[in-house]
Number of protein chains: 2
Amino acid sequence: MTADVVILTIREGRLAVLLVQRGEEPFRGRWALPGGFVGPSEDLEEAAWRVLARETGLRPKVAHLEQLRTYGAPGRDPRTRVVSVAHLGLVADLPAPVGGRGTTSARFWAVEDLEAEVAPWLAFDHEAILADGVERARAKLEYTPLATTFVPPTFTLSELRHVYEAVWGTPVHAANFRRKVLSIEGFVLPVGRTASPGPEGARQPDLYQAGPARLLHPALLRPRPEQARVMGEPETGEL
Amino acid sequence: MTADVVILTIREGRLAVLLVQRGEEPFRGRWALPGGFVGPSEDLEEAAWRVLARETGLRPKVAHLEQLRTYGAPGRDPRTRVVSVAHLGLVADLPAPVGGRGTTSARFWAVEDLEAEVAPWLAFDHEAILADGVERARAKLEYTPLATTFVPPTFTLSELRHVYEAVWGTPVHAANFRRKVLSIEGFVLPVGRTASPGPEGARQPDLYQAGPARLLHPALLRPRPEQARVMGEPETGEL
DNA sequence: GCAAAAGTGTTCTATGTACACCCATGT
DNA sequence: ACATGGGTGTACATAGAACACTTTTGC
């Protein structure tokens, strides 16, 4: 029984996942999600925190971690039966990680690049686990304040909006985003307009910090892939 | 490693869960979720289907089954470390189950009654697993057509509405429910007005069957516990 | 002044909700 | 006729999207 972790962050404006390069068989040389065995008297989430801390040095309150799903198909590890309890971790941008024992290197990969053809094959069934983790993150941004775990303790609404755009992979209307976020009680709290991080000749934005809300009312829904049919327009092909 | 199953159905208009009475230690005589050990080369979902079939005789296509969450707190089984992959099963109403080995009886319990004070304590951490399963079912009715797994192959919209009311535990406006369901593409298909199941002197309702949709667009949202504050009205107490 | 990004106002539309009314059927 | 549930019409309130416009800052 192992605990694997999908550690997501925003790097250079893009959603990125932490992968380690395996130094041992099976799948030697291939990229994989960081993970480790669960101790005999260790809680599942405890094991996941241990893996996350080993790779990033982060601890609770600085990061978010939740159980994702358990993967136990008989053939997923070619040598013996291994059931993996996958977790999802969300962290702010941070220095390059070091990797743990049995790995030769560790780095963040843009999720977008992994979906491309040139992407490295991931070990085991980690491709499916990653996909599930990304989808969970996308869904959770809608109805929880988890986007704030991706930004510094103090942030602008533009930075927060960039998080949504990076995770969802779609542009977000700035003016309406602002109104919605501010109308959600307890999502963000104003802290004045102290700093001016933008050296590009523009207005200084207001600064905010995360509020006490654990759930977003009303939700901040992502733009759905519009499948509305315009009357009079004939269907253009696919079912 | 075990696979436990939260088997939900609608009985007498109420949401009910299948429990078995344990005939062995630990927790002998207490009620528990049906479950069993996962075979050495058995898939997790396969094991859950096996448990569900043993208790109800139902097979895929007749019922819905999905992974819920994995519970692995070190002390959850007082004797040894047992990690349980919990699953959620939704089935139509059916005859009383028989129970498996190691159990003295099996029956459906109204979830509402279990939440009452007189309820029997459940074995292990099954109380928490049940709560997670019920919440998952409530959420899934909103954006999937799973409510149709609770009713016969052919059903009326009133029957379907009763499912939503039983699972959510709230009344649903009949007229608007009808319009919403029919506007959701692929949710239900009309099959004419063949039968007249109601012997109570009322109009014969239209009959429907489940449609091909796997997701509901737009979603059928449950009434949220209105926490809007009326201006001028002072807060009435609890946090 | 001009460009760039922040922030505000307003309109239009889709959606959700409530309420009133008509329909079909059995007693 | 009338009670009972099924089914339809319609108006009102709310929420979301789109667009234009003003503000602040650096060059």
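These numbers come from the heavy atoms of this one structure, side chains and all, not from hydrogens, waters or symmetry mates.
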Taking only side-chain nitrogens and oxygens of A:Arg178, does any of them come within less than 4.0 Å of OP1 or OP2 of C:dG7?
-> yes
Distance (rounded to the nearest 0.5 Å) between A:Arg107 CZ and A:Trp31 CH2 = 6.0 Å
Tell me: CZ of B:Arg161 to P of D:dG6, nearest whole Å?
-> 6 Å
Enumerate donor-acceptor pairs with a distance under 3.5 Å from any side-chain N or O in residues 169-182 of chain A to protein atoms, sequence neighbours excluded.
from	atom 1	to	atom 2	distance (Å)
A:Asn176	OD1	A:Arg179	NH2	2.9

Scan side-chain atoms only and decide if A:Thr154 and A:Gln209 contain a donor-acceptor pair under the 3.5 Å cut-off.
-> no
When the distance from CG of B:Leu221 to P of D:dG16 is rounded to whole Å, what number comes out?
-> 11 Å
For A:Tyr71 and A:Asp4, does a side-chain donor sit closer than 3.5 Å to a side-chain acceptor?
-> no
Among the nucleotides C:dA18, D:dG6, D:dT8, whichever has the atom closest to the side chain of B:His173 is C:dA18
Rounded to the nearest Å, what distance is computed from the CZ atom of residue A:Phe177 to the P atom of nucleotide D:dA18?
-> 16 Å
Considering residues at least two apart in sequence or located in another chain, which fulfil the side chain to side chain contact (heavy atoms under 4.5 Å, CB included) criterion with A:Thr9?
-> A:Arg11, A:Ala16, A:Val91, A:Asp93, A:Phe108
5'-most contact on DNA chain D (nearest-nucleotide basis), A:Arg203 vs B:Tyr208, goes to B:Tyr208
Just how far, in rounded Å, is C1' of D:dT8 from NZ of B:Lys180?
-> 17 Å
Let me know the distance between CD of A:Glu159 and P of C:dG7, rounded to the nearest Å.
-> 11 Å
Would you call B:Arg14 and B:Glu115 a salt bridge, taking side-chain N to carboxylate O under 4.0 Å as the test?
-> no
How does protein contact run along nucleotides 9-15 of chain C, one letter per nucleotide 5' to 3', with B for base contact, S for sugar-phosphate only, - for none, heavy atoms under 4.0 Å?
-> BB-----
Whole-Å distance, B:Leu157 CG to D:dG6 P, equals 9 Å
Quick one: is D:dG5 close enough that its OP1 or OP2 comes under 4.0 Å of any side-chain N or O from B:Ser158?
-> no
Distance, rounded to the nearest Å, where B:His162 contributes NE2 and D:dG6 contributes P | 7 Å
Within 6.0 angstrom of A:Glu112 CD, more than 12 heavy atoms from elsewhere = no
Round to a whole Å and report the spacing from CZ of B:Arg222 to P of C:dT17.
-> 14 Å
Nearest of D:dG6, C:dT25, C:dA6 to any side-chain atom of A:Pro205?
-> C:dA6
